[in-house]
Each structure stands twice: as C-alpha cells, then as structure tokens.
Protein chains: 2
Amino acid sequence: MMRRTTIGDVAREAGVGKVTVSYVLNGRARERGISEATSQRIINTARSLNYTANAVGQMLAQRRTNAIAVVFQGASYFASTSSFIPEVLRGVCEEGVEQRVDVMLHTNVADGPDSDASYLASGRVDGALILRDAGDPLIKALKDRGLPIVSFFSRPDEADVPFVDTDNYSGGRLAAQHLLGLGHRRLAMIAGSENSVDAADRKNGFVATARAAGAQIEDRDIVVMYSPLDQPEAFCRLMQRPNPPTALFVWSDDVAFQCMSLATSMGLELPRDLSIVGFDSTSACLRVSPNLTSIRQPITVMARAATRMLTSLMRGQTPEMDQIVFPPQIDVRASTAPCQVSAQR
Amino acid sequence: MMRRTTIGDVAREAGVGKVTVSYVLNGRARERGISEATSQRIINTARSLNYTANAVGQMLAQRRTNAIAVVFQGASYFASTSSFIPEVLRGVCEEGVEQRVDVMLHTNVADGPDSDASYLASGRVDGALILRDAGDPLIKALKDRGLPIVSFFSRPDEADVPFVDTDNYSGGRLAAQHLLGLGHRRLAMIAGSENSVDAADRKNGFVATARAAGAQIEDRDIVVMYSPLDQPEAFCRLMQRPNPPTALFVWSDDVAFQCMSLATSMGLELPRDLSIVGFDSTSACLRVSPNLTSIRQPITVMARAATRMLTSLMRGQTPEMDQIVFPPQIDVRASTAPCQVSAQR
DNA sequence: CATCATTGCTGAACCGCTTCAGTACCCTAC
DNA sequence: GTAGGGTACTGAAGCGGTTCAGCAATGATG
C-alpha cells in the first residue's frame, strides 16, 4: 500500500508552501490574497496528483470531526419489524447530507455500558442523537462531559437536555377518544417499558381519558410488553378472560403487529372482535391486514429536526428552540370498528 | 468550552513523559519495561483527571480510524417497509462491536456522485461495505483508490471485488419449483432493477425453471417494479388480463407486500386467486396476512460475514474466503396454495 | 574493576493538516 | 526619498497522540 499523496506533495510539485495549498483548496484564496494564476496552478497540480485532503488530519487541526453519532438502545433494537428505524435513519441521513455531517451508528461498545460515554466523548464525534429511555445514565454522562446531545423520541429525565419528541399524552388521549367514539367501553392497553417517560405518557393519556369517560380500565388491563418477543402469553391471558376487552391501544406499531398476529391465531377476527390502535403510524401499517389505525408521529420530520438542532448546538449556535414537542395525529384505518357488544351492556 | 485534558497533562501530573503514559494506557507497560509502581501512578492520575485519549489524535498517529462505512443506494433506500434494512444494520452493528470498529452510515454527499468516492477514500474510514447495484461506478472508484471494500447483497460487475451474496439463481429456481409443485402453470414475475445482477439472477432462475417445466411465462409476464411506489398500475394490468397468472414471484418482500395490498384492493382473495412468493423472508413476512411465503437469505448472518470479511481485509489479513455465496431456502407460509384452476386447463 | 546486560524511562520525530503572525516585494503619494 | 499600504506568499507552531532509538542507572560477571 503506497503512501497517500499529502498536501506537502502538492506544494512541492506546484512550487509553493503547504499553507498556500491549504488556503486555495479550502476556497479561501481570495480572502488570503492568493493570485488567480497560483490558485489555478495549485488546483491543477492537485488534480493531476489525484489529491484529496486527509480527513483525519483536518479533524485534528480543526478540532472538529463533522460527525454525529446516533445512539440506539442496543443492536437488538434493530429487531423491530415496523419501519420505525428506517424512517428515523432516513431523516437523520437526509439532514446529515444537508448539514454536511457524517452519521455514525452507535449501539454499544464491547467493554460494557460504562465505557459508552467515554467512547462517544473521546472526540470521534461532535455530538450525539440519543434514543434511549429517559433515565439512561448515558444521557447524564455525556452531558457532564460536555458533548452536545439531543434526545429524540424520548423525553429525558435530566433537565436542560435538548429533545425532540411527540406529545405522547395527547397521543394516548387521541387513541382513547377514537375508541370511545366507536362505542368501546372495555379497554385495555399494551404499554411499553416502565423506564420510558414516553411510554408512561401514552399510557397516562389513554387511561385518564378513558376513565374520565367512565370506561372500564384497571391495572390488570394494562400489560407491559416491551420488545416484540417479550411475553406474548400475557396478551393471550388478557384476551381469554371472561368479558375480554373489545379494544386495545398498543404503545408501538411494532408490538401492535404482533398483537394482531396473536389475536388472529387465537381465532379472533379483526376488527370485529377486537379493535386495535397502534402508535407511530409507520408505513408498515399499510402492509398489514386490516390496515392498522395508529397515532402518527412524523418520524422522519422529527429525526430531521433533531439532527438540525444538534448540528446547531455543535456549531455553537443557539438553535431557535431546544425542546420541540410535535402534536400527534390519528390515522384511522381498518383495524378499528364500532363496538359490537356495546348493546349488551 | 474548556480545553480537554491531554496526554501531556497526565504526564506532567504524574511526573513522567508522555511516552510512558501512552504505553501504560495502551496496556503495553510490561512489554516496554515500565515498573508496576509507575504504571499504577499513571493509571490513578489518568483516572483522577478523568482523562480519555482523543480518538482523532490516535487515528492520525496510527493511520487508521477503526471505522467502516455502510453505503446504501441513497437516503431513499430507507423507505423500504420490510425489515431488510434493520436486519442488515443489526448484523453490521453486532459484528462491528465485536471487531471494535465504528459504523458510519453513508448514503451520498451533497456535492454529487463523483465526490462520494473521494469522500470515502479520504481516510475517514478504513473500509466500506457497499450495497449498490453491480455496475455502480462507486465500486470501481473505491477499488481504484485502494480502499478495502466488500460488496454485500449484490454481486459486483468488477472482478476481484470481495462480496457476500445469496445464490439468487437458485432462489429463483426454488420459487419456481414451489409454485410448479402446487400445480401453477400460469406464472408471472415482478422483477427488480435491470441494473442489478442479483435481480436478474432471480429472474433467470425463475424463468428458466418454469419454462423447463413447460409453464407459460413470457416477457409480458415479467413486470419491473423497483421501489415500492414504482408503477403499481403495471401490476394491475397484469392481473386484469384474460387468463391472468395464478402465481407470482416477486423479487423482494418489500414489493411483494405492496402486491398483496394491490391484489386485495382489486378484490382478489389470497392465496385462493393468486399465490405469491417473496424474496428475503424478512421477519415482516409474519406480520402480513396471509403470511408471506418467501425465499430466505440469512440477512443478519450475511451482514456479519461481510463485516468480518471487511475488517480482515482492512487489517491486512487475508480472509479465508473473499467471495461468499449463501444458499437460499424457502420458507413456505400461507400466501401460496395449490392452483385452483389447474383442472380447467 | 571494566564490561555487559537488564531495567526503566524519555527526546525527538512524525502523522497531515490549519492558522497566526509575519516577510518580502512593489507601487503610490507627499 | 521614504513612509504607507497593498499584494502575494510562507515559517513555525500546534492539534493529540504513537513509535523508535537511545540513554542513565543498576546489578551481575569474569
């Protein structure tokens, strides 16, 4: 493997100093008063030598990497079958291209959770987008080390941490209102991780709204299923009770899809026997049958907003807002229908 | 923003030279004959100063970044609704953690396709995993610049480019055999990009097998639909012909899902009126109804293999194999059924 | 007691680039 | 004739590490 051409090679070949090459190639020739003739000569030499500046050299000299990390819970996060992850990454990548930053995908380091913060804060990225539960120690650790961070799709515990999120409480309320409006009174919910403020907000919005309308929903109607493969039997028990719920709000599309499969395999017909509302309204909702009614958060837009916010912070600018909460909407599709048993009550 | 602690700070504080600190912190104290006492002192000082080595400094000095890029066709690639992308990324990230390399997500740079190669080859990554069509100029450009690359899920045109792929021809054959075995004789196919050798192999395997068995399949039975939103009307025309196909092989799950939706919306009942076989057998196949029969390639395993291959190449080792072809399997599910009209022929 | 090996540590160079503070030169103006 | 001011360019330092060759001190050996 031959030595790469460096700025010194170009300088020697063009008969100028390295400095001059640097200024010319960075488009600062005018500003530094470098003559047109010299500029052209340098540019031609660089081209003929097939020279490209070494990125690491630049990073070190400029003390920035122009890279951001996207931090997920862990590699298993990718096991999701909804299109949440691709939609997030799409937003990050699109905005990344525009803001000219590299996107590093980070799940965890091999040495255990304590080292994640040091690793990320060791100068390889200028900032990080964090998608972890509210209380995750990584958020505090990175904040303490002074790395610019933005939490997205999760509202952090820590104060003063910029974030982009959905109004999850309202999302829960929308789901409840929709189901109540269809006449459902026996409601249940599949809630997410108990460490997640977001999941809790969805639950609280749903439960509070349901109870305010006089619907039955008790603690035993709330099942916690975090990852898609986590305790499917809990769902089955819920549906096999006497007087099972007629409508279900599930904290994520991903888990909602699994509930649909389980319900079908239990012989239930959807939505006749059970109405289901998901959360995220990923495009995969249109791929299942019946199409899943879901609370929409504008995933790609939010990811772009978070990325833009982070790049501003990294560059020392004050972003217009450092805490953005998007209002959710409901996309009504075929998985919800008027309650069949309402007359019986 | 205060100055970060550097190796010099630790050295001064511990009363030794920078060199000694470097050796100790890199675990080479023994080898360099540094006494246990000094080692401990340095380690304690480093800890008390909360010192972490700057990654960019190390990259420059060691002339490697320990980072790889994953290059997709473009940000729109994330629009897929199957779980292909997450499964790929999961494999790359898992193996990346084990191999201790960072994963950079790269779609394209803002300045246009020509600069992608220079960008990637400018020393910010030690290698790249490429998921692009066979003839993509990027592959040749990177190869010419000497950046270690591995093409995955795509068999490159260029010779001597290491790759990890599935035996797509066999995949096509498996699909044909399965459908023929169910009695189908009027077959059609939704084929992928004409630039993709992989898509062509799937088509050729399918068509050759079908014709060898005497089934009807002509050019007009082969519709090209690349991205999910690309010309759905072509599919409708295909199905509205007199004597429409009774079975369909679709080059990817993603597009197969869309065909299922379209078919349903045209009033067809699946699998009675149309059997469908997809490709990839992503976990999303279990989320659609009927569950999609699909040709399985072990996506996560393949992604890991590609990543392992690339890290070997980067480190100058000769990997055991530099071209791996996985055999496909068929996962038979509910979207395929015996042909209903076979008796009529 | 001179020689030699071993132990324990470090100075200086280097990785490839940027940036600050000049310098050298020439032209104009009083 | 010289101060003043552009114009065109560069030397040296610095970013934060790593690595090689070498050096001083110590103890063992003949």
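Every chain is numbered from 1 and lettered A, B, ... according to where its sequence line falls, protein lines coming before strand lines.
Shortest non-hydrogen contact noted between B:L49 and B:T5 is O-OG1, 3.8 Å. In plain terms, the two heavy atoms of B:G74 and B:N108 that are nearest each other are CA-OD1, 4.2 Å. Residues B:S196 and B:D133 approach most closely at CB-OD1, 3.6 Å, considering heavy atoms.
Put simply, the side chain of B:S151 gets close to the backbone of B:S154: a donor and an acceptor are under 3.5 Å apart.
Only A:L60, A:A61, A:R63, listed by number, bring a heavy atom of residues 45-67 of chain A to less than 4.0 angstrom from any atom of DNA chain D.
Between B:F78 and B:F72, the angle of the ring planes goes over 60°, which puts this pair in the perpendicular group of the 30/60° scheme. Relative orientation of the B:F84 and B:F153 rings is perpendicular, given thresholds of 30° and 60° on the angle between their planes.
For B:Q323, the side chain to side chain contact (heavy atoms under 4.5 Å, CB included) partners are B:F163, not counting sequence neighbours. Listed by chain and residue number, A:R3, A:R12 satisfy the salt bridge (Lys or Arg N to Asp or Glu O under 4.0 Å) test with A:D9 (two or more places apart in sequence, or in another chain).
Looking at A:T45 and A:Y51, their side chains never come closer than 4.5 Å, going by heavy atoms from C-beta outward. The side-chain heavy atoms of B:S76 and A:R90, taken from C-beta on, include a pair separated by under 4.5 Å.
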Worksheet item: Yes or no on salt bridge (charged side-chain N to carboxylate O under 4.0 Å, His left out) for A:R41 and A:E36, after CA distance, side-chain angles and deciding distance?
Response: CA-CA 9 Å; A:R41 184 156 37 92; A:E36 191 54 34; over 6 Å; no
Protein and nucleotides 20-26 of chain C: nitrogen or oxygen contacts under 3.5 angstrom:
from	atom 1	to	atom 2	distance (Å)
C:dA21	N6	A:R32	NH2	2.9

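One axis for each end of the helix from C:dC1-D:dG30 to C:dC30-D:dG1, each built from five base pairs, and the angle between them comes to 70° at 10° resolution.
Under 3.5 Å, the side chains of B:E95 and B:T307 contain no donor-acceptor pair of N or O atoms.
Per the geometry, CG belonging to A:L25 stands 16 Å off P belonging to C:dG16, to the nearest Å.
Among the heavy atoms of the strands lying under 4.0 Å from B:T20 is at least one base atom, whether or not backbone atoms are also near. Residue contacts for A:S35: at a heavy-atom cut-off of 4.0 Å it reaches the sugar-phosphate backbone alone, with no base atom in range.
Each of B:I7 and A:G33 was matched to the nucleotide of DNA chain D holding its nearest heavy atom; the match closer to the 5' end belongs to A:G33.
For DNA chain D, the span of nucleotides reached by chain B at under 4.0 Å from its heavy atoms goes, 5' to 3', from D:dG16 to D:dA21.
Taking the centre and axis of the six-membered ring of A:Y23, the NZ or CZ atom of A:R28 falls outside the cone set by 45° and 6.0 Å.
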